[in-house]
Every structure is written in structure tokens, then in C-alpha cells.
Amino acid sequence: METPALSGLALIGRGRGRPGGAVFRGVNPATGEALEPAFHTSHPDEVARAAELAAAAAPRMAALSGGDKSAFLLDLARRLEADAPGLAARAQLETALPEARCLGEIGRTVGQLRLFADLVRQGHWVDARIELAQPDRKPLPKPDHRSMCRALGPVAVFCASNFPFAYSVAGGDTASALAAGCPVVVVAHPAHPGTAERVGSHVADAARAAGLPEGAFSMLVGDGRVVGQALVRHPAIRAVGFTGSRAGGRALMDLAAARPEPIPVHAEMSSVNPVVFLDGALTERGEALVAGLLASCTLGVGQFCTQPGLLLMERTPAARAFVARLADAFRAAPEGVMLHAGIARAYRDGLSARLATKGVGLLARGAGSGRPNRAEPALLEVSAADFLAEPSLRHEIFGPCSTVVWCDGAAGLRAALGGVEGSLTGTLHATDAELAANADLVDTLSRLAGRVVLNGFPTGVEVSSAIVHGGPYPSLSDGRSTSVGANAIYRFTRLVCYQNFPDAALPPELRAANPLGIRRLVGGDPA
Ligand code: NAP
């Protein structure tokens, strides 16, 4: 396969953006070195052209068969896999993530594309439902109703800084939107523009090879507040996918709601991922828990949406011994390079502000070199009373920092959980007997989070048909959905019901003979 050279230009349909806008470069966060080439911010008319091309492509994209979408997604997966070494090399330069992590993330991205390829090839996902007509029903005849999920239209996707592949140009939002039959306009993250262009070129090539309409995919370059907001305001855009800060996601939610025609924003933002430790588990396997928890808190320099930020436990001798060992482990943990200067600054500022908050103490901090963009792990503590009294303690600090919340008795633990914000995950460490005796804690965690983990750690998200990567606000803008896994496709669809249509005029999914052989409900029963 030919390796695409980086141009520094946006990808607008089948063409490129033009130079002349503000220029910026990717930066190696480990060295501060500015990387070639310069990237040219998309012009306002290019933003509009990408959105208009997407609108023009939308009807054809929505009408694509599952087989055609599947073949396109599989071809894209093959292209990314074949270019994995080159993609990983560029991402390493732009993010300081190690090669193994980059290659692993490319594997996950390829796996995601294949998951959606299977999903749309099988076709069951459309949730087809048929209610047959009863013309003789009294007092009124019953009409023939047939419903299914249809593509929503052009989707704007904002890339994440912390996943240059799996949540970026060809990541979960893009894959699920394309699988649904929606054109996609991506806003590349300015922290890894070269990686974005290289992946974007593969998407554009695969779209061309599959014969998709020109506007099926575009990628814009530049500042989210200018380029990204202009895209979200464009009337052709029907939905937004976003992964990043709470401030950014919230700004886009508000912007989308203020449009003359509001649109949904599926934003994954901020998650503290509470972990509850019960005494029996700490007594039974405290040593293993220290190692596992340290790894989970500091993995990838803590730059994971599922990083365990709050550790809740009763103030018991077993818990004190466990926390003392955990503090030793944090103290000995090495610093790491963060993804970009803004994230490193936010971590330092967030940590300083938290340490200055009433009732918060520092239990341990790894040794820091003071070099730019480095972050050292930190373990903090606070009483449940102080935690509940200060709302800022409920917010995520993005990085390798976790806070122990000391609770007085079982009632104190439950009260503290009442102050925890909506999260992607909630974890419980308990013995079998404790699990049986504390069913209410599982219930509480399931109200707080989209994924409840038992005796494990929340980092490491398996992409599957059953995974839920979502939860109440602020972890997700809409806690009913998931941003990872097969069910992520429903974010970019809407239900359409066809009433009293002749068979030949219906989509194949709803025809009497069921020519695609998909699972359907007829009169409420599987058929
Ligand atoms: P970010 O600042 O939210 O940026 C993500 C993307 O959204 C970028 O393309 C950005 O463009 C754009 N954007 C940000 N604010 C915007 C706004 N008001 N209007 C339109 N577009 C906007 O996130 P980040 O750069 O990845 O990291 C910054 C912080 O986000 C971190 O320190 C962390 O707190 C949080 N974060 C959380 C998670 C999580 O999973 N929980 C993941 C990543 C980051 P510009 O850069 O051009 O503004």
C-alpha cells in the first residue's frame, strides 16, 4: 500500500482544503519539538462545503445496503491494519504514547470497524417491528404499521486527544455513524493533526474505492471554537459526537440546543469512576488490590476516561493498612509525559486547587522532574463530610490522581456515594458474603454508572456488543446511550414508521417475505 504523504490540508469530499488560513503544527510533548508539516486551518467556506457535500450524500448513504456498508468498513479496517507501523510512528511523535499502546489502539480501532461491519451485514440491528393491519377491527380499522431505525443524516465528529485512533478520525463515533448510513465530517484534534490526516486519507480512499458518494467523509482542520462551532451551527449537520472536556462538551450541547433547529450532541466528557472497597475484600486480598489499583490509576499517565478518581471505604484498620500500602506504591511510581501542554497544565492546576481545598490532604506524590508536560501520580484523602460539603471535589482531575474518601460506617459510605456524579463506571470490591449482604450498593452504583465492575478495575474497555460506555451526566450528555460497542449505532439513527404501504414500496427490512432474513417482531412476537 502506498504511504500517503502529509499535506497539512483538510480533506473535503474527494478534494483537499486550501492553504491560507491560520497555520499550526503538531508538537512532540516529550521534547517540545514542533513537527512538520504545518497544518492549515479550514476556511469558513470549506466548513460549509464539507457540510453541504455531506447533506447531498445523505440520501444515498442512508440507502446503502448492509452488505455495501460492511464491505466498506472491512476495507477501511484492512487499510489501517496494513499501515499500522506508520500510523503508530506518527502518533508516537504527536502524543508521546508508547509504540505498544499505539499499535494496541489501532488494533482496537480495526476491531471496532469489524464489529460494525458484522452488525450491518447481519442487519438485525434495525429493530424492525411489524403490526399487521386489521381492516375489520371495530370500532376502527387498525392500520398496517412497520417501523425500523433509519440514518439520521450528516454527523459532526470531534476527535479525542487521549485516543488518537479509537476515539478519533476512524474511531467509534465515525464507525458507528457510517455504519448507520450517516455521512461524517470530522474535526481533527489539534494535538495530533498528522495522525488525523494519515487516518483520514485511508477513510477517504476506502470511501472512493467503495463508490460512496463524495460527501460521505470529510475532515476539517483547526480550532474547535472556530471551525468546530461553525460546523455544529451548519443547518446540514444532524448530530454531533464528541469526546473531551466537560467545558467543551457542554459548550457544544448548548450551541446545538440554541440552533434554530436543535440537534442531539453525544458528548463523553468527565467521569470520576468511584471504586468502593469493603473490608472483607481488603482483608482477603489487600496486596493484590494495591498492585491492581495503582496500575489502573496510573495507566497511560491517568489519561483514561475510566481512570478511578474516587476510592471510597470505611475508616477501618484494614482500610488504613491498605491505604498506607497504596500510598507507598504511589510514592514510588514514576512520572509520565502527558498528551499535550494543555492537559499537563490542567492536571497541575487541578491538583494544586484540590490540595488547597478544605479538608483535602496529600497522602503521596511520586517524584517529579519538573520537566515540561510531565505529571507525577498523586494520592489524596478527604473525609466523607468534607467531600460532601465541597462540590468541586466531585469533579474529575484528568491524570494520575485519585482521592480516598474516608467514610464513617456503612451509613457514611452510602451517604458519600450520594454525592458522586454520574460516571462511566462504578466498581465494588467485596467478598461473596459481602456482595450478598450489600445488594443496595450494587443498585446505587448501577444508578450512578453505565458499567458496574465487580472485583476488578474500570480501565480497559472491551469493545463488544454488550459493553456500555456511558452513564448519567456529566459522563455522557445523554445517559441513555453508549459511545462504545454495537449499541453506539443508535445514537445516529431515528425511528421511522411506514403506515399502510404496499409491500414493494417498503424498505427490504420490512417486506412481508423478509428477504434479508433479519430478526423482527411481528405483532410483538419474534418472527
Ligand atoms: P477538549 O479541550 O475538550 O478538546 C476536544 C476537542 O473539542 C478539540 O478539538 C477542541 O478543539 C474542541 N473543543 C473544546 N472546547 C470547545 C468549544 N468550546 N467549542 C468547540 N470545540 C471545542 O479536550 P482535550 O484537548 O482532549 O483535553 C482537555 C481536557 O479535557 C483534559 O484536561 C481533561 O480534563 C478533559 N478530557 C477528558 C476526557 C475524558 O474521557 N473524561 C478525555 C479527554 C479529555 P480546540 O482544542 O481547538 O479547542
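Order of appearance sets the numbers: ligands from 1, and atoms from 1 within every ligand. Only a predicted model underlies this, so the values are computations on that prediction, with no experimental measurement involved.
- Asp478 has its side chain out of reach of Pro264: every pair of non-hydrogen atoms, C-beta onward, lies at least 4.5 Å apart.
- Close approach to Met269 involves these atoms of ligand 1, each under 4.0 Å from a residue heavy atom: 37 (C), 38 (C), 39 (C), 40 (O), 41 (N).
- Evaluation of the side chain to side chain contact (heavy atoms under 4.5 Å, CB included) rule for Ala375 yields Val301, Met338, Tyr347, Pro400 as partners, not counting sequence neighbours.
- Residue contacts with ligand 1, taken as heavy atom pairs separated by less than 4.0 Å, involve Cys305 via backbone and side-chain atoms alike.
- Ligand 1 places these atoms under 4.0 Å from at least one heavy atom of Gln229: 17 (C), 18 (N), 19 (N), 20 (C).
- Closest to atom 48 (O) of ligand 1, if we only count protein heavy atoms, is Arg225 NH1, 2.3 Å.
- For the pair His266 and Ser483, the minimum side-chain heavy-atom distance is 4.5 Å or more.
- When non-hydrogen atoms are compared, ligand 1 lies under 4.0 Å from the side chain of Phe242 (C-beta onward) but not from its backbone.
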Would you tabulate the side-chain donor-acceptor contacts of residues 185-192 under 3.5 Å, counting partners in other chains and residues two or more places apart, or write 'none'?
unit_1: His189; atom_1: ND1; unit_2: Ala191; atom_2: N; d: 3.0
unit_1: His192; atom_1: NE2; unit_2: Ala160; atom_2: O; d: 3.0
unit_1: His192; atom_1: NE2; unit_2: Ser161; atom_2: O; d: 3.4

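- Residue Ser161 touches ligand 1 through backbone and side chain together, judged by heavy-atom distances below 4.0 Å.
- The closest approach between a heavy atom of His340 and any atom of ligand 1 is below 4.0 Å.
- In terms of polar-atom proximity, Gly224 is counted as a contact of ligand 1, with an N or O under 3.5 Å from an N or O of the ligand.
- In this structure, of Ser245, Ser270, Gly248, Ala160, the residue bringing a heavy atom nearest to atom 3 (O) of ligand 1 is Ser245.
- Proximity to Ala251 (heavy-atom distance under 4.0 Å) selects the following atoms of ligand 1: 18 (N).
- With no hydrogens or angles considered, a side-chain donor-acceptor pair links Glu335 and Ser369 at under 3.5 Å.
- Contacts between Glu268 and ligand 1 below 4.0 angstrom, taking non-hydrogen atoms only, involve the side chain exclusively.
- Here CZ of Phe72 is found 8.0 Å from CG of Leu113. Values are rounded to the nearest 0.5 Å.
- No part of Leu339 comes within 4.0 Å of ligand 1, judged by heavy-atom distances.
- For atom 37 (C) of ligand 1, the closest heavy atom belonging to the protein is Gly244 O, 3.3 Å.
- Expressed to the nearest 0.5 Å, how far CD of Glu390 lies from CZ of Arg354 amounts to 9.0 Å.
- For ligand 1, the atoms sitting less than 4.0 Å from at least one non-hydrogen atom of Phe158 are 7 (O), 21 (N), numbered in the order shown with element in parentheses.
- The closest approach between Pro190 and ligand 1 falls below 4.0 Å for a heavy atom of the residue.
- With a 4.0 Å heavy-atom cut-off, ligand 1 is reached by the backbone of Asp223 and by its side chain too.
- Ligand 1 places these atoms under 4.0 Å from at least one heavy atom of Ala346: 32 (O).
- Under the 4.5 Å side-chain criterion, counting only non-hydrogen atoms from C-beta, Glu421 is in contact with Pro474.
- Looking at Arg246 against ligand 1, nothing comes within 4.0 Å, counting heavy atoms.
- For ligand 1, one of its N or O atoms has an N or O atom of His189 under 3.5 Å away.
- Heavy atoms of Ile343 come nearer than 4.0 angstrom to ligand 1 in at least one pair.
- Protein heavy atom nearest atom 34 (O) of ligand 1, with residue, atom name and distance: Phe398 CB, 3.4 Å.
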